[in-house]
Amino acid sequence: MTYGNRFWNKLSIQVGLRGEYYMRHLDSEYKDGTGAVKDSYAPFPGKKDTAYFQLFPSAYISYDFGHGHELQLNYTRRVNRPWGHQINPRMDMSDSTNISYGNVDLLPAYSNNLELNYLKTWERHTLSAGVFWKYREGAVQNIKYMDGNTMKNTYLNVAKRQELGIEVVAKNRLFGELLQLTTSANFYWNNVGAVHETMFHQGDTIPVYLSGQNIFAGSVRINAQFLFTKNFSGQLTGMYRSPRVVAQGTTSHSYSIDVGLRYTLLNKQLALALNVRDLLDSRARRNTTWGEGFWQFSENRWHSRSISFTVTYNFGNQSGKRRGRPEGDLGGNDDFDDSGNSNMEE
């Protein structure tokens, strides 16, 4: 349900409430060396079935002071569900010294997000500055521990994760129509709470004791769009993200640059495009983790530098809406969550 209204031509309010009934049934079977089928859940004290009802409220309030000044206050509650491999208990033994498996007791993480923004608009410029607070309950994190000489990896709902900070976004049109520049930067306090949990896997009892961590972090993203002539355009996107904390360590800084050029001919029916993704070949996730009896550095690359040249010829009716892959947020949707897994939040 959503309700919106505008009062005195200045105050805008929109409130919403979404109800969700969530039910999960987990079932997995595998065959041993003799071909006999075994139930993989027999050793687990956790439940195969989970069901409950949740409410997700939202509120958006803005006040227009006139002359391009506006104040905005937003609140949302969201859910981030674990992915299939994160709850699959079968062990991945492709690396016999570094084994990973899912946690069947893993639950969705719920976050509360509060933002207060001031917005100022001019004819060719827009500036937004604000403060935000994000609190996530049961954030999913990758957990490592030593079993003899073997490193094992699984997932756990940590107690809490918080971010408190400021964000500034500027949009500028410069040098006539030559350059459209969008710059965003945020700086925040990043906190992962302490964890004192007991996990169970195939009859083993695994105590997990993690101390809480804090760090001041930030990120910057710049998108520049150039219109050299009416037929020749270009785009440059650069990003930088500072180190952040995870449950058992830190994620190092990351940065990348993407470049694109586009030229059209024949009344824009023919388009030539050259794109270079990750120009510096720097896009990667580097984690340093530690725990009882181990210290580990890992680097995960999910894309490498790529160069593409495309030729497009348009004919017929071009008034329809173009369908294309949407741009991601900071770093594109190549970003992984801090557990090293792709992150989807609703």
Side-chain angles (χ1 to χ4, degrees), residues 80 82-106 109 136 138-163 189-219 240-256 278 280-304 330-331 334-343:
N80 185 22
W83 288 58
H85 74 277
Q86 294 178 332
I87 57 175
N88 184 354
R90 296 271 56 82
M91 288 189 172
D92 179 357
M93 296 187 176
S94 54
D95 181 353
S96 61
T97 64
N98 196 2
I99 297 172
S100 61
Y101 63 92
N103 177 8
V104 294
D105 293 324
L106 211 57
R136 180 171 294 179
V140 177
Q141 295 274 283
N142 181 241
I143 302 297
K144 305 174 185 290
Y145 65 94
M146 295 300 297
D147 184 5
N149 294 323
T150 302
M151 170 75 73
K152 290 188 175 180
N153 302 261
T154 189
Y155 302 92
L156 186 68
N157 294 107
V158 301
K160 63 180 180 180
R161 183 179 182 88
Q162 295 188 81
E163 294 176 3
W189 169 68
N190 182 200
N191 167 262
V192 176
V195 178
H196 301 281
E197 297 282 349
T198 299
M199 295 181 57
F200 303 92
H201 186 256
Q202 295 186 343
D204 295 333
T205 301
I206 307 164
V208 179
Y209 301 104
L210 307 176
S211 59
Q213 293 198 81
N214 301 277
I215 196 174
F216 282 97
S219 62
Y240 172 81
R241 174 173 281 175
S242 72
R244 293 168 296 157
V245 294
V246 292
Q248 289 179 296
T250 60
T251 295
S252 70
H253 73 279
S254 60
Y255 59 94
S256 66
D278 196 11
L280 304 178
D281 199 24
S282 58
R283 187 174 277 130
R285 174 60 50 83
R286 301 173 182 89
N287 286 350
T288 302
T289 54
W290 56 83
E292 185 176 349
F294 76 91
W295 182 94
Q296 184 183 66
F297 173 80
S298 61
E299 180 174 312
N300 184 3
R301 290 180 176 268
W302 52 99
H303 282 294
S304 60
L330 194 60
D334 303 313
D335 279 338
F336 282 22
D337 66 19
D338 293 325
S339 63
N341 302 282
S342 53
N343 189 11

**Student:** How long is the gap from OG on S282 to NE2 on H253, to the nearest 0.5 Å?
**Tutor:**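 So the OG of S282 and the NE2 of H253 are separated by 8.5 Å.
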**Student:** Are more than 12 heavy atoms, taken from residues, nucleotides or ligands other than E292, located less than 6.0 Å from that residue's CD atom?
**Tutor:** no
**Student:** Going by the salt bridge (charged side-chain N to carboxylate O under 4.0 Å, His left out) test, which pairs reach into residues 207-217, not counting sequence neighbours?
**Tutor:** none
**Student:** Taking atom CD of Q86 and atom OH of Y155, what is their separation to the nearest 0.5 Å?
**Tutor:** 5.5 Å
**Student:** What I'd like to find out is whether the side chain of T250 reaches to under 4.5 Å of the side chain of W290, using heavy atoms alone.
**Tutor:** yes
**Student:** Would you name the heavy atoms of G218 and S242 that are closest together and state the gap between them?
**Tutor:**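 Minimum heavy-atom separation between G218 and S242: N-OG, 2.7 Å.
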**Student:** Does Q248 reach the side chain of Q141, with side-chain heavy atoms less than 4.5 Å apart?
**Tutor:**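 Not touching, per the 4.5 Å side-chain cut-off.
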**Student:** In the structure I gave you, are the side-chain heavy atoms of N103 and L156 within less than 4.5 Å of one another anywhere?
**Tutor:**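 N103 vs L156: side chains touch.
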**Student:** I need the minimum non-hydrogen distance between Q213 and G249, along with the two atoms involved.
**Tutor:** NE2-O, 3.0 Å
**Student:** Any donor-acceptor pair under 3.5 Å linking the side-chain atoms of N287 with those of T251?
**Tutor:** yes
**Student:** How many angstroms lie between atom NE2 of H85 and atom CZ of R90, to the nearest 0.5 angstrom?
**Tutor:**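 If we round to the nearest 0.5 Å, H85:NE2 and R90:CZ are 16.0 Å apart.
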**Student:** Around atom CG of N149, are there more than 12 heavy atoms of other residues, nucleotides or ligands at under 6.0 Å?
**Tutor:**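 Counting other residues, nucleotides and ligands, CG of N149 stays at 12 neighbours or fewer.
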**Student:** Minimum heavy-atom separation for P243 and A217, please, with both atom names.
**Tutor:** O-CB, 3.5 Å
**Student:** Can you check whether D92 reaches Y101 side chain to side chain, under 4.5 Å on heavy atoms?
**Tutor:** no
**Student:** Hey, could you give me the CG/CH2 distance between N88 and W83, rounded to the nearest 0.5 Å?
**Tutor:**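 With rounding to 0.5 Å, CG (N88) is 15.0 Å from CH2 (W83).
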**Student:** Could you pull out the closest heavy-atom pair between M146 and G293, with the gap in Å?
**Tutor:**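 Closest pair (atom of M146, atom of G293, distance): CG-O, 3.9 Å.
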**Student:** Does the side chain of S256 pick up a donor-acceptor pair with the side chain of R283 at under 3.5 Å?
**Tutor:** yes
**Student:** Quick check for you: to the nearest 0.5 Å, what is the distance between I143 atom CD1 and T289 atom OG1?
**Tutor:** 10.0 Å
**Student:** Considering all heavy atoms of both residues, which atom of Y240 and which atom of Y255 are nearest to each other, and what is their separation?
**Tutor:**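 Heavy atoms only, the tightest pair is CD1-CB, 4.0 Å.
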**Student:** Could you walk me through whether S219 and R241 pass side chain to side chain donor-acceptor pair (under 3.5 Å), step by step?
**Tutor:** CA-CA 4 Å; S219 62; R241 174 173 281 175; 5.0 Å; no
**Student:** Nearest heavy-atom pair of S254 and A284: which atoms, and what distance?
**Tutor:** CB-O, 3.9 Å
**Student:** Are any of the side-chain heavy atoms of W189 and N214 separated by less than 4.5 Å?
**Tutor:** yes
**Student:** Nearest 0.5 Å, what's the NZ-CE distance between K144 and M151?
**Tutor:**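 One finds 6.0 Å between NZ of K144 and CE of M151.
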**Student:** Report yes if the side chains of N191 and E163 come closer than 4.5 Å at any heavy-atom pair, otherwise no.
**Tutor:**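 Of all side-chain heavy-atom pairs linking E163 with N191, none is under 4.5 Å.
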**Student:** Backbone N or O of S100 within a donor-acceptor pair of the N153 side chain at under 3.5 Å?
**Tutor:** no
**Student:** With the side chain counted from C-beta on, respond yes when V140 and L106 share a heavy-atom pair under 4.5 Å apart, and no when they do not.
**Tutor:** yes
**Student:** Determine, stepwise, if the pair V246 / V192 fulfils side chain to side chain contact (heavy atoms under 4.5 Å, CB included).
**Tutor:** CA-CA 7 Å; V246 292; V192 176; 5.9 Å; no
**Student:** Could you walk me through whether S304 and D278 satisfy the side chain to side chain contact (heavy atoms under 4.5 Å, CB included) test, starting with their C-alpha distance in whole Å, then the side-chain angles of each, then the deciding distance to 0.1 Å, before giving a yes or no?
**Tutor:** CA-CA 7 Å; S304 60; D278 196 11; over 6 Å; no
**Student:** Compare all side-chain heavy atoms of T288 with those of Q296 and state whether any distance is below 4.5 angstrom.
**Tutor:**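 The answer is no, as the side chains (C-beta and beyond) never meet within the 4.5 Å cut-off.
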**Student:** With side chain to side chain contact (heavy atoms under 4.5 Å, CB included) as the test, would you mind laying out the steps for R161 and N190 before giving the verdict?
**Tutor:** CA-CA 8 Å; R161 183 179 182 88; N190 182 200; 3.4 Å; yes
